[in-house]
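Report on the structure given below.
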Amino acid sequence: ACQFQEHEDRSSHILVEGVCLEEVMLHPLRVAKFKTAIEDHLLLLSDEFMADGGGGSSFLNMCVDKQGVQWTGMQSIIEELLILGIAIGAATYVVPRFLWDGLPGGVPYILIEVKR
């Protein structure tokens, strides 16, 4: 819902680099419309991810919520949430992409900081 449609002017956009998806162009007004819902979903993740909790955790752990329940088995869904989190400024990569190969699984660590 937050991506640009084919007919839309893309001069105003949010460009986000995903884990597998290199560049995703998002519509800023639609991202803003879903900001609270995105934050709510991010806050369901384990405290390991939170800036005031564990200080970041592996992308591979994003499929498990605070109660230890796997909420999805699809990394593409996790990546969508991550991309939206980055777009609203609530999620960041702990280290730059060129260092990911040295991390477990070769995937980034993610830090979540929801400011309300």
Side-chain angles (χ1 to χ4, degrees):
C2 294
Q3 286 186 289
F4 276 92
Q5 305 301 313
E6 287 187 32
H7 65 281
E8 293 179 313
D9 174 21
R10 297 171 187 223
S11 60
S12 172
H13 66 276
I14 300 171
L15 189 63
V16 177
E17 181 180 16
V19 176
C20 295
L21 301 172
E22 291 186 22
E23 290 185 343
V24 179
M25 194 177 296
L26 301 172
H27 193 287
L29 295 177
R30 288 197 290 271
V31 169
K33 176 182 173 184
F34 290 104
K35 183 177 189 280
T36 301
I38 297 165
E39 290 173 337
D40 289 345
H41 280 83
L42 291 170
L43 289 171
L44 292 174
L45 297 176
S46 169
D47 288 336
E48 296 175 328
F49 288 96
M50 305 304 156
D52 60 356
S57 187
S58 173
F59 171 78
L60 298 174
N61 296 331
M62 284 185 73
C63 64
V64 179
D65 67 14
K66 284 184 189 293
Q67 284 72 41
V69 176
Q70 182 175 340
W71 64 273
T72 185
M74 298 179 61
Q75 288 184 349
S76 60
I77 299 297
I78 298 167
E79 184 170 25
E80 287 177 14
L81 177 59
L82 173 60
I83 287 169
L84 292 168
I86 292 170
I88 64 168
T92 58
Y93 298 115
V94 175
V95 297
R97 182 179 284 276
F98 71 90
L99 295 174
W100 293 1
D101 286 339
L103 298 173
V107 295
Y109 271 52
I110 310 302
L111 179 67
I112 307 292
E113 188 169 18
V114 174
K115 299 174 185 172
R116 289 190 167 167

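We number each residue from 1, following the sequence as shown. In this text, all values refer to a predicted model and were calculated from it rather than measured experimentally.
- In plain terms, the two heavy atoms of L103 and V95 that are nearest each other are CD1-CG2, 3.7 Å.
- With sequence neighbours left out, the side chain to side chain donor-acceptor pair (under 3.5 Å) criterion links E8 to R30.
- Heavy atoms only, all atoms of each residue included: V94 and G56 are closest at CG2-CA, 4.5 Å.
- E79 meets the side chain to side chain donor-acceptor pair (under 3.5 Å) test with no other residue; sequence neighbours excluded.
- Residues forming a side chain to side chain contact (heavy atoms under 4.5 Å, CB included) with H13 (at least two apart in sequence, or on another chain): F4, L15, M25.
- Considering CD of E80 and CD of Q3, their distance stands at 8.0 Å, rounded to 0.5 Å.
- By the side chain to side chain contact (heavy atoms under 4.5 Å, CB included) test, S58 pairs with L60, N61, V107, Y109, sequence neighbours left out.
- Atom CD1 in I77 sits 5.5 Å away from atom OG1 in T72 (nearest 0.5 Å).
- Taking both residues in full, the closest heavy atoms of I112 and A91 are given as CD1-CB, 3.8 Å, listed atom of the first, atom of the second, then distance.
- Linking Ile, Leu, Val, Met, Phe, Trp and Tyr whenever their side-chain heavy atoms come within less than 4.5 Å puts L21 and F98 in one cluster.
- By the side chain to side chain donor-acceptor pair (under 3.5 Å) test, D65 pairs with no residue at all, sequence neighbours left out.
- Pairs of residues two or more places apart, or lying in two chains, that qualify as salt bridge (Lys or Arg N to Asp or Glu O under 4.0 Å) and include a residue from residues 86-102 are E17-R97.
- Residue pairs that meet the ring pair (Phe, Tyr, Trp, His ring centres under 6.0 Å) test with at least one member in residues 57-95, sequence neighbours left out, are Y93-W100.
- T92 is not listed as a side-chain neighbour of I110, based on a closest heavy-atom distance of 4.5 Å or more.
- Side-chain N or O atoms of Q5 include none that pairs as donor or acceptor with a backbone N or O of H7 at under 3.5 Å.
- The side-chain heavy atoms of L26 and V16, taken from C-beta on, include a pair separated by under 4.5 Å.
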Would you be so kind as to tabulate the donor-acceptor pairs closer than 3.5 Å made by side chains of residues 42-53, with sequence neighbours excluded?
from : atom 1 : to  : atom 2 : distance (Å)
S46  : OG     : E48 : N      : 3.2
D47  : OD1    : K66 : NZ     : 2.5
E48  : OE1    : S57 : OG     : 3.3

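- Cluster annotation: V64 is not connected to L82 through the hydrophobic network of ILVMFWY side chains, with a link wherever side-chain heavy atoms come within less than 4.5 Å.
- Scanning for side chain to side chain donor-acceptor pair (under 3.5 Å) contacts around D9 gives S11, with sequence neighbours left out.
- The side chain to side chain contact (heavy atoms under 4.5 Å, CB included) check on S76 picks up M74, with sequence neighbours excluded.
- F34 meets the ring pair (Phe, Tyr, Trp, His ring centres under 6.0 Å) test with no other residue; sequence neighbours excluded.
- Minimum heavy-atom separation, A90 to V114: CB-CG2, 4.2 Å.
- Heavy atoms only, all atoms of each residue included: I38 and V31 are closest at CD1-O, 4.2 Å.
- Listed by chain and residue number, K35, R116 satisfy the salt bridge (charged side-chain N to carboxylate O under 4.0 Å, His left out) test with E39 (two or more places apart in sequence, or in another chain).
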